[in-house]
Amino acid sequence: MTEHADIPPYRYTAGMARRIELAWQDRWEADGTFHTPNPVGRLSEGFDRVAGRPKLYVNDMFPYPSGAGLHVGHPLGFIGTDVFARYQRMNGHHVLHAMGFDAFGLPAEQYAVETGRHPRVTTEANIVNYRRQLRRLGLGHDPRRSVSTADVSYYRWTQWIFLQIFNSWFDSDTQRGRPIDELITELDAGFREPGEGTNPFGRPWAELSTVERREVVNNHRLAYVSEAPVNWCPGLGTVLANEEVTADGRSDRGNFPVYRRPLKQWKMRITAYADRLLADLERLDWSDSIKLMQRNWIGRSTGASIVFPTERGLGIEVFTTRPDTLFGATYMVLAPEHPLVDVLTAVAWPGDAAAAWTAGGPTPTEAVATYQKQASQRSEMDRQVEAKTKTGVFVGSYAVNPATNERIPVFIADYVLMGYGTGAIMAVPGQDQRDWDFAETFDLPIVRTVQPPIDFAAKAYIGEGPAIHSANDTLILDGMGVAEAKAAMIGWLERQGHGDGAVTYKLRDWLFSRQRYWGEPFPIVYGADGLPQPLPEQLLPVVLPDIEDFTPKTSDDENSEPEPPLGRITDWTTVRLDLGEGEQEYRRDLNTMPQWAGSCWYELRYLDPTNDQSLVDKDIERYWMGPDPARPGDTGGVDLYIGGVEHAVLHLLYARFWHKVLFDLGHVSSEEPFRRLFNQGYVLADAYVDSRGVYVEAAKVEPRDGRFFFGDEEVRREHGKMGKSLKNSVTPDEMYADYGADTLRLYEMFTGPMDQSRPWETKAVVGSMRLLQRIWRVVVDEHTGELRTVAAEVPDETLRVLHRTIAAVRDGMETLRFNIAIAKVTELTNHLTTAYADGGVPVAVAESLVLMLAPLAPHAAEELWAKLGHPESLTWEAFPVADPAYLVDDTIEIPVQVNGKVRATVVVASDADAAAMEAAALAEDRVAAYLDGGTVRKVIAVPGRLINFVVA
RNA sequence: GCCCCCGUAGCCCAACGGCAGAGGCAGGCCCCUUAAAAGGGCUCCAGUGUCGGUUCGAGUCCGACCGGGGGUACCA
């Protein structure tokens, strides 16, 4: 951008903005303007100055430093938190705001793989670029608190937290995580026996060997190794958590196919915390939509588990949310992979097996094997597409419905999923549409056990109604409503020993190990017994070893095996240690942690980033994040957390889980990491697709006659989230060069309220620049650089406009509707440029204007503040306060309505009461004309607002 | 299919249940300029997606539907 010779020399131009911005950024850094003192510890210098202020902790979801750098969509939230933080600092708070980097994990590593450079090299280079771009934006972060999750000094504590989790168990009696040593003590003392499902040896604790005991204890831990079906993604060479697999069975990152297969992997027992994660959502100031997404993901259902006896002796356990419908269970279905399928499969078809049930197989064994093979080969996609037609096969044997004592056939079918409930269902076609569809296909009996309304025309009836066909010798449900029948049935099942009330969750334990290089190594080794052993704290950190070939072993073969890259470093995989049983050789765990590990606790590390004795000092954590005693039930946590909605069930759920464990173990005083969450919208931009359906560089597309061309080719316009994949990115660097950071900040905050997505339109940015130019001109003469303000009394009219503006701007700032704040600043500016067209704005007004601008466009505001004669930064100046005296006028014009329609306006004293308003309105000729001939039935007079005559 | 959010001027967005317009972009006219525009001023532009309800009064509250965006799904 060139500056023409005849542009006034002191005009606010892009070049001027650049000089001002760079100078103030240097000064803020040199002065430590945004250094935020802690109450104690290494960063406590200067705390006296702010000790009396209320604290405020503002945080952004930190970015992962990608190779492409930032585009203008990324900093939307960062600017929002910065404006809010700067405002609240001027409003008297002691504000903590910092920024770090989510540097470990798949995104960073995939970039390194693509470019063939070591992830540490690319990640560090990307961080340098991000720091440059973010610094140029003028964000008021405390630079001393910046962390990167891939730094040894950081991940040492990630590993430490892992050990805490590993060395804990969940006491379901108290619903709390507790140190594992307490469990061992209680087991040794005979106060308790191993928890359900934790003791595969079938003998009491006292009779177990040392190794057996260790195994039983391991089965209690919150971090544990288990062999179970997991999400194996050969295309990424690693296993993935459920949360990282999309609904169509592909990896969230990279869109590779994911297969279920049993593998020995690390998991975290997040399911133990399911009830608390669910219940505590109520105590959080989060949007309803995010809470709902977490609730759905946790997926708590209440009902009953019921055991159906079979001919083979073993019972089939099912979970149902509708135990009241047990009388209508006319068949059973197991998932094809269910472990009981082999046992239940008969060698020959029984005489009453319908032809359709056998799928044409000569024997059940063969028919079942064929179906199992088909089911395993059908991708998740196929299963969805074909979801409407039900398939399955009879296993050739029967179970018994415990309520009716009738023999019911057992099927396998892929509409029953091994991963939910027990992997088996009782099928109740009368009250479940899927079961109805299956029953129709296989000609199975359908018994309604809830009476549908008379006009009910559909098939399965899932609504409320009285129970029917539901009685036996010891139980009569008929006539009861659904809830009553459920309770009665559960009571009966428990008395008869057929089942119990039960709760299940969709949430599974968190698969925590990855067979990738770029992550935190596990602080775990294996001895001769093959059981995992934690390294003692003093041996932390386990440094990620350097490696030439960091690329994951990827494949498109579903049957390939995970091969962690760390296994290639042969001199690292084993280590000689003395872990209390003499020096021995141990094998290291070769997995790394998932990308989410580092982001599970970074908000804690910002508080005390240099602490090498603990992850965070307890007093410092309590100061910034502790629960507020003035608010009953407060969880504590970050006061305002802003980020995208895409982390609703990943980061936000994992981080809550870790935080709760740390709380249970007494390391933090807050029960939740993020007290208030706000989701920002996305920046959208036009994108263009050519005839092949490929996105073309949006910047090179030209509009002609309402159509769009890429070179000579016509392309189709679309609209989407700004980013690399749609080739429609605009970088902040372009904006800094053409307009300056302040203009970019203003524009981004002006396009809409924080929570809304908004389209990017580069040509509209100039509007924000014009505002800065006009404000500049209020204070500075463009030709001489001299001040245009005068030390004069402020006229009443100007005071009224000013104080109204202050009130509205404060409201906009506090409610994160910065667009309104900017509009009001614009309004004041427009008033000043009109009322003082030749200059001479009173200094007091100009100063208030500059201070109100400061959170939004801090560099320009600092420069103007300095020109107005203030040597100190305005960062700590008080934000203007509206004087209520100027918010009301002596007289106001109010509308006069007749039957709700505005017919006239009258001027009354602003404090006029209802009677005075009515009198004034009646004195108005036009009002009288409208009232003439009718009877006034009612008068609604809202003082200060309007008056309305209801005429018959 | 179910759940959540959003529909106001050509576009982005405002409006404690009380006169639909705060602000910006684009458009038009004028000024400044040799010229240009990212300078200045003025100006045009909607009755709030549709239908119904509550109310003295509805963009706002309630119900149904339509459209856009997001989430989720054989979840037993």
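All of these numbers come straight from a predicted model, not from anything done at the bench. Below, read A as the first sequence line, B as the second, and so on, with proteins coming before strands; counting in each chain starts at 1.
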**Request:** Please list, chain by chain and in numerical order, all residues satisfying side-chain hydrogen bond (donor to acceptor under 3.5 Å, both in side chains) with A/Ser287, sequence neighbours excluded.
**Result:** A/Ser289
**Request:** Go through the structure and list residues passing side-chain hydrogen bond (donor to acceptor under 3.5 Å, both in side chains) with A/Glu440, not counting sequence neighbours.
**Result:** A/Trp436, A/Lys459
For [X], what residues pass the side-chain contact (heavy atoms from CB on, under 4.5 Å) criterion, not counting sequence neighbours?
X        : value
A/Ala741 : A/Glu21, A/Arg136, A/Tyr736, A/His859
A/His647 : A/Met61, A/Trp596, A/His651
A/Leu946 : A/Pro895, A/Gln897, A/Val942
A/Val730 : A/Val72, A/Met722, A/Glu734, A/Met735, A/Trp760, A/Thr762

NA contact type, [X], heavy-atom cut-off 4.0 Å: base, sugar-phosphate, or nothing?
X        : answer
A/Gln773 : sugar-phosphate
A/Thr422 : nothing
A/Ala764 : sugar-phosphate

**Message:** Rounded to whole Å, please give me the gap between CZ in A/Arg770 and P in B/G23.
**Reply:** 15 Å
So which nucleotide from [options] ends up closest to the side chain of [X]?
X        : options             : value
A/Lys938 : B/A76, B/C56, B/G39 : B/C56
A/Arg774 : B/A76, B/G39, B/G24 : B/G24
A/Thr833 : B/C75, B/G41, B/A26 : B/G41

**Request:** May I ask which nucleotide in the shown strands pairs with B/C2, Watson-Crick or G-U wobble, both distances under 3.5 Å?
**Result:** B/G71
Close N/O contacts between protein and nucleotides 15-19 of chain B (under 3.5 Å):
unit_1, atom_1, unit_2, atom_2, d
B/A15, OP1, A/Arg817, NH1, 2.8
B/C16, N4, A/Arg945, NE, 3.4
B/G18, N2, A/Gln897, OE1, 2.9
B/G18, N2, A/Asn948, ND2, 3.3
B/C19, N4, A/Glu893, O, 3.4

**Request:** List in numerical order all residues of residues 749-758 of chain A for which some heavy atom is under 4.0 Å away from an atom belonging to RNA chain B.
**Result:** A/Phe750, A/Thr751, A/Pro753, A/Gln756, A/Ser757
**Asked** Which pairs pass salt bridge (Lys or Arg N to Asp or Glu O under 4.0 Å) with one or both residues in residues 425-434 of chain A, sequence neighbours excluded?
**Response** A/Asp432-A/Arg434
